[in-house]
Asks: 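Sharing a structure, written as structure tokens. Questions coming.
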Amino acid sequence: MGEMATGIAHELNQPLSAIVNFANGCARRIRLGIGEKEELVRAMEQISLQAKRAGEIIKRLRGMVTRQQPVREYADLNALVKDACALIAHDRQKLRITIELLLSRQPVIARIDPVQIEQVILNLLRNALDALGDRPDEDRHLLIETGFSSQGMAFIRVKDNGSGIAAEDLKHLFDPFFSTKKTGMGMGLSISQTIVAEHNGRIMADSLKGKGTVFTIELPASSVIAESIAS
Ligand code: ADP
């Protein structure tokens with residue numbers, strides 16, 4: 001994933017640099033009053049063309065994370081949450097974060113690609129750990145909840161009392177390559193959104209700067225009973 005993203009980032013850089021160059025060139029000519037109309041129009045056409053190319057690259061990236069033959073299996077979201085928690089156990093202990101699990105007592109069954117959905121949960125947990133790093137270490141809490149919404153959707157909610165997200169950033173959270181981290185790729189939430197949408201679900205974020213953040217994933221719940229899954 002890292003290698004692929006680096007490759008794509010490199011590829012994206014070309015149209016983006018071209019756009020910057022053409023736009024700067026246009027601005028300079030207009031400011032100096034030296035640009036021929038035809039020349040400026042051609043440069044603008046190039047900007048549009050290069051932007052489309054960048055869009056195609058992103059579409060390809062999204063295509064890569066969604067398999068040709070989608071896997072759909074009945075799975076218990078509670079089990080996926082527990083698996084994802086086990087994967088972050090080491091970092092959680094190091095950061096002295098307390099996790100509270102408020103899992104539905106009844107299994108939360110959905111027909112999903114368990115690997116992809118676990119990846120989404122893991123992304124949310126990793127982001128929460130990053131956000132909690134700024135808090136005093138005796139006050140770092142993570143709450144993970146599962147259940148069924150009033151509309152009958154299965155949900156997973158991840159709530160942290162970390163750094164929170166500024167209202168302006170909240171609008172761009174799911175944009176590809178949006179990151180406020182020094183070494184962040186900014187693809188985690190974008191890919192997560194694609195995965196959840198392909199499951200006919202949705203992912204939502206709510207946050208208050210300085211207070212914390214809540215992410216909710218909703219997926220169509222399955223009426224299949226848990227016992228039949230084990231067999
Ligand atoms: P990355 O983690 O590489 O930056 P993501 O797409 O996973 O990429 O996240 C995008 C941005 O969303 C992060 O850089 C951060 O600014 C913000 N973000 C995501 N989750 C949280 C959270 N729990 N608390 C605060 N900010 C968050």
Side-chain angles (χ1 to χ4, degrees), residues 1-13 16 54-55 57-66 80-81 84-85 87-102 115-137 139-146 155-199 201-218:
M1 178 66 207
E3 267 176 45
M4 185 180 93
T6 312
I8 299 274
H10 179 75
E11 220 182 307
L12 257 184
N13 233 359
L16 293 181
I57 293 170
I58 290 171
K59 218 191 277 164
R60 241 175 42 221
L61 177 64
R62 285 180 174 235
M64 273 188 218
V65 290
T66 50
L80 296 187
V81 166
C85 283
L87 292 172
I88 58 151
H90 179 74
D91 291 336
R92 180 187 77 75
Q93 274 162 10
K94 212 168 64 187
L95 289 164
R96 292 150 147 261
I97 293 168
T98 57
I99 296 196
E100 189 182 344
L101 289 183
L102 258 182
V115 174
Q116 286 190 336
I117 296 300
E118 188 173 316
Q119 189 59 48
V120 173
I121 300 169
L122 204 53
N123 276 337
L124 298 186
L125 296 184
R126 291 235 161 87
N127 278 339
L129 294 197
D130 287 344
L132 284 164
D134 301 339
R135 268 254 181 259
D137 63 4
D139 185 29
R140 297 175 175 171
H141 306 297
L142 190 55
L143 172 73
I144 310 171
E145 212 182 323
T146 60
F155 75 79
I156 304 167
R157 188 165 293 139
V158 176
K159 184 175 175 188
D160 67 67
N161 68 335
S163 56
I165 302 165
E168 189 49 40
D169 289 344
L170 210 49
K171 292 181 212 153
H172 302 289
L173 225 49
F174 297 98
D175 293 353
F177 301 105
F178 174 81
S179 179
T180 57
K181 298 173 194 169
K182 259 190 206 140
T183 54
M185 184 64 76
M187 287 306 292
L189 287 178
S190 165
I191 291 173
S192 295
Q193 190 181 50
T194 305
I195 291 173
V196 173
E198 295 232 320
H199 283 78
R202 55 184 188 149
I203 180 168
M204 294 154 286
D206 201 4
S207 184
L208 262 186
K209 184 82 190 149
K211 295 280 183 209
T213 303
V214 189
F215 279 93
T216 307
I217 305 165
E218 282 186 354

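Just follow the structure's listing: the first ligand is 1, and inside any ligand the first atom is 1.
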Asks: In residues 121-131, what donor-acceptor pairs under 3.5 Å come from side-chain atoms, sequence neighbours left out?
Replies:
unit_1 : atom_1 : unit_2 : atom_2 : d
Asn123 : ND2    : Gly188 : O      : 3.4
Asn123 : ND2    : Ser192 : OG     : 3.0
Asn127 : OD1    : Lys181 : NZ     : 2.7
Asp130 : OD2    : Lys181 : NZ     : 2.8

Asks: Verify the neighbour count for atom NZ of Lys211: are there more than 12 heavy atoms of other residues, nucleotides or ligands below 6.0 Å?
Replies: no
Asks: Run through ligand 1 for me and note each protein residue having a heavy atom under 4.0 Å from it, chain first, then residue number.
Replies: Asn127, Ala128, Ala131, Asp160, Ser163, Gly164, Ile165, Leu173, Phe178, Ser179, Thr180, Lys181, Gly184, Met185, Gly186, Met187, Gly188, Leu189, Thr213, Phe215
Asks: At their closest point, which heavy atom of Gly164 faces which heavy atom of Lys209, and how far apart are they?
Replies: O-NZ, 3.9 Å
Asks: Cut-off 3.5 Å, side chains only: do His172 and Asp169 have a donor facing an acceptor?
Replies: no
Asks: Could you pull out all donor-acceptor pairs under 3.5 Å where a side-chain atom in residues 91-99 meets a protein atom, sequence neighbours excluded?
Replies:
unit_1 : atom_1 : unit_2 : atom_2 : d
Arg92  : NH1    : Ile97  : O      : 2.6
Thr98  : OG1    : Arg140 : O      : 3.3
Thr98  : OG1    : His141 : ND1    : 2.6

Asks: In chain order, what residues pass the side chain to side chain donor-acceptor pair (under 3.5 Å) check against Glu218, with sequence neighbours excluded?
Replies: Arg202
